[in-house]
Amino acid sequence: MARVTIDPLTRIEGHLRIEMETTGNAITKAWSEATQFRGLETIVLGRDPRDVWAFVQRICGVCTTVHAIASITAVENAIGATVPHQALLIRDMIMAAQEIQDHVIHFYHLHALDWVNAASAASADPAKAVAFADAIGSTWKGNNLGRMTAVRDTVKNVVDSGQLSIFTGGYWDHPDYRLPPEANLMAVAHYLDALEFQRSMIRINTVFGGKNPHPNFLVGGMACSIDPSHSETVNQVQTDLIQEWVQEIYDFVRTCYVPDAMAIVGVYKDYFDIGASSPNYLAVGRAGACFAGDPNQAPRYPSPMMDIKPGVILNDDFSKVLDFDASKITESIASSWFKYADGGKSLTPDKGETTVDYTGPSLPYTWLGDSDKYSWCKAPRYDGHPMQVGPLSRVMLAYAQGHPRTKEIVDNALASLQITPKQMNSTAGRTLARAVECLTSAETLWKDTFPTFIAGIKAGDINVFDPARWEPSSWPTSCQGYCIVEVARGNLSHWVGIEKGKISHYQAVVPTTWLAGGRDETGMQGPYEESLAGNGLHPLVDPAQPLEPLRTIHSFDPCMSCSVHVLDPDGDASEVSLS
């Protein structure tokens, strides 16, 4: 037996440590460990509910908008506020832009280099790289000889310099990089194109939110105004620009991202049999589905994100979709450094607590997995089951319910790759599902959400704020609410209690908490842990270059800042400064 640690594992946002035990070339045990603590759920206590979105939006520097929208929707649910149709459409567009940007960043900048040997692109033939792009069906405008030659020369200069810049730290001599140099060159060119693209597309959020990251929002609607005749508002100039950006989003995803993803998982096809995680899936709709309160009852205008019903799939049984029940969500602290007042191990989020109880070793530590408690991440469960959330769950839920476009894309991919739906529960399956979802989301934004918004403006609907419940005097003395929303990494819910106009209780159950959480009181592993050590067969050939587990955990798109929620060493959370 050997012990292997990857710390930090993530390329972005927070501190994830993975500890593993191996026998031979296989992983037999794994521990998912969040080593950063934050306290935003306690920081907001006693604050004005109308301001809380600005604090909890700082849970993450990547998925900023979604926490703000979850927070204001939870508050609106608690106080009984209604939101105008156009404001909801703006929120939908903001969430779609953020989700698509997130998926593109994840694939190209956080995950692609697990499969793509960037250094080998220096030896590629640019003409053959163009031919490779043609062969995989990529019609991206950057697939030309001049572009590929320029990128090849840039990579060669970087490699020859001995300082690899953005490619520093890669395991470029690992034997399991399989793409030919020309495919690597194409992928590196698209990596650089994606940097430019993701900067461009997020301007949608800047128009509606005033800035990015951390755009502006408003309980009861949106902070922006619509008036085609005024320069200081969302007007014809801005909507014409947004239309261009929406078209650009659709073109990039369709002609570049999806073909690249299909090509990579096709080369690494054995990863459809590696990294299977908990065989349970939870989602309340397609990406962007947002509910104020119970998703089975919450009123919501007709929206494509709502065209599959909330549901749960257990034990990889895609023939049966179970009804979703929010009351079955709990959070265990059996493996995390928290305590509950009654001494119990699990609480529902409406009663959840964030009370620190660190029992781990002093720094520096060498191993955490020998203790029952080893993480700052709680372990959410649904009716006692560890659940996968995110693109895979949403795609498989839509597939199981017969959603036409999702089923068409997935069936074509399954046929092309010669795999079964069950094999989607895998490292490659999660990577493929994210591309499938990105395409359907881009299509929905291009074909439905933005045109509906413009049609509303043409019909004279420019109202984006309902002031009826703005003043605290209009609120109940005591009220509770929650929001459940499907965001890039999975199912997100914010739970709020309000007493006499101030926040009395706040909990956020975020996608990475669902996935990165450790063992519960029954000893059942969390999804990350299960994906590495569920069957004792996950490969790890070289402990000094743990590329295989990186591929699997990166396929979930971990974001640890969300999952662990800034520690004040003096213990006064109310005085923590946010910057």
Side-chain angles (χ1 to χ4, degrees), residues 1-36 110-117 119 167-178 268 270-271 273-278 335-337 360-377 379 386 426-428 430-431 512 515-519 523-560 563-564:
M1 181 192 77
R3 285 184 163 183
V4 180
T5 301
I6 308 175
D7 185 13
L9 184 142
T10 50
R11 290 192 172 105
I12 193 169
E13 280 298 339
H15 305 279
L16 173 62
R17 173 186 173 99
I18 295 290
E19 294 181 347
M20 296 165 286
E21 290 183 355
T22 64
T23 300
N25 292 333
I27 301 168
T28 53
K29 291 184 180 179
W31 294 264
S32 171
E33 300 159 352
T35 58
Q36 172 194 34
L110 307 181
H111 193 31
L113 298 186
D114 298 333
W115 317 102
V116 174
N117 188 330
F167 303 128
T168 299
Y171 302 133
W172 306 126
D173 58 348
H174 195 286
D176 198 41
Y177 278 114
R178 307 176 193 174
Y268 293 91
D270 52 322
Y271 273 83
D273 297 310
I274 294 172
S277 187
S278 310
S335 58
S336 55
W337 295 306
S362 300
L363 292 171
Y365 44 73
T366 58
W367 194 259
L368 296 173
D370 286 337
S371 300
D372 290 338
K373 290 178 175 283
Y374 50 83
S375 178
W376 284 113
C377 187
S426 62
T427 301
R430 285 183 290 271
T431 302
T512 298
L515 299 167
R519 292 156 173 78
M524 201 176 314
Q525 298 181 124
Y528 285 4
E529 297 171 338
E530 183 69 17
S531 70
L532 294 176
N535 59 13
L537 299 176
H538 193 293
L540 201 177
V541 173
D542 182 359
Q545 299 187 100
L547 185 60
E548 301 92 345
L550 284 178
R551 287 170 172 167
T552 290
I553 300 302
H554 283 159
S555 73
F556 290 96
D557 193 8
C559 185
M560 304 315 297
S563 72
V564 294

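Values below: every heavy atom of this structure, side chains too, minus hydrogens, waters and symmetry copies.
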Main chain of S335, side chain of K373: is a donor-acceptor contact present, judged purely on distance under 3.5 Å?
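Judged by distance alone, no pair lies under 3.5 Å.
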
Is a side-chain donor or acceptor of Y177 paired with a backbone partner of L113 at a separation under 3.5 angstrom?
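Judged by distance alone, yes, a pair lies under 3.5 Å.
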
Find the distance between [atom1] ([X]) and [atom2] ([Y]) and round it off to the nearest 0.5 Å.
X: W172; Y: Q545; atom1: CH2; atom2: CD; value: 11.0 Å
X: F556; Y: R430; atom1: CZ; atom2: CZ; value: 3.5 Å
X: T28; Y: L537; atom1: OG1; atom2: CG; value: 10.5 Å
X: L110; Y: L550; atom1: CG; atom2: CG; value: 12.0 Å
X: L547; Y: T552; atom1: CG; atom2: OG1; value: 9.5 Å
X: L515; Y: S32; atom1: CG; atom2: OG; value: 9.0 Å

Taking the side chain as every heavy atom from C-beta outward, state whether [X] and [Y] have any atom pair closer than 4.5 Å.
X: H554; Y: L9; answer: yes
X: I553; Y: I6; answer: no
X: T5; Y: R17; answer: yes
X: P558; Y: Y528; answer: yes
X: H174; Y: N117; answer: no
X: S278; Y: P527; answer: yes
X: Q525; Y: L532; answer: no
X: S555; Y: T431; answer: yes

Go through the structure and list residues passing side chain to side chain donor-acceptor pair (under 3.5 Å) with [X], not counting sequence neighbours.
X: S531; value: none
X: S426; value: none
X: W31; value: none
X: D270; value: R178

According to the salt bridge (Lys or Arg N to Asp or Glu O under 4.0 Å) rule, which pairs have a member within residues 21-31, sequence neighbours left out?
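Listed once each, the pairs are R3-E21.
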
Could you name each residue pair satisfying salt bridge (Lys or Arg N to Asp or Glu O under 4.0 Å) that touches residues 524-553, not counting sequence neighbours?
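Listed once each, the pairs are D176-R551, R519-E529.
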
[X] and [Y]: which non-hydrogen atoms are nearest, and at how many Å?
X: A533; Y: A30; answer: CB-N, 3.6 Å
X: P539; Y: P549; answer: O-CD, 4.0 Å
X: P546; Y: Y171; answer: CD-OH, 3.4 Å
X: T512; Y: D557; answer: OG1-O, 4.4 Å
X: C377; Y: A516; answer: SG-C, 4.0 Å
X: L368; Y: Y374; answer: O-CB, 3.5 Å

Side chain to side chain contact (heavy atoms under 4.5 Å, CB included) involving D273 - partner list, sequence neighbours excluded:
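If we apply the side chain to side chain contact (heavy atoms under 4.5 Å, CB included) test to D273, skipping adjacent residues, the hits are Q423.
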
Could you pull out all residues at least two apart from A276 that satisfy side chain to side chain contact (heavy atoms under 4.5 Å, CB included)?
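Listed in chain order: N425.
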
Worked verdict on Y365 versus T35 for side chain to side chain contact (heavy atoms under 4.5 Å, CB included)
CA-CA 11 Å; Y365 44 73; T35 58; 3.3 Å; yes

Contacts of D372 that satisfy salt bridge (Lys or Arg N to Asp or Glu O under 4.0 Å) - sequence neighbours left out:
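With sequence neighbours excluded, D372 shows a salt bridge (Lys or Arg N to Asp or Glu O under 4.0 Å) to no residue whatsoever.
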
Name all residues meeting the ring-ring contact (aromatic ring centres under 6.0 Å, His included) criterion together with Y268; count only those two or more places apart in sequence or in a different chain, and write none if there are none.
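By the ring-ring contact (aromatic ring centres under 6.0 Å, His included) rule, Y268 matches W115.
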
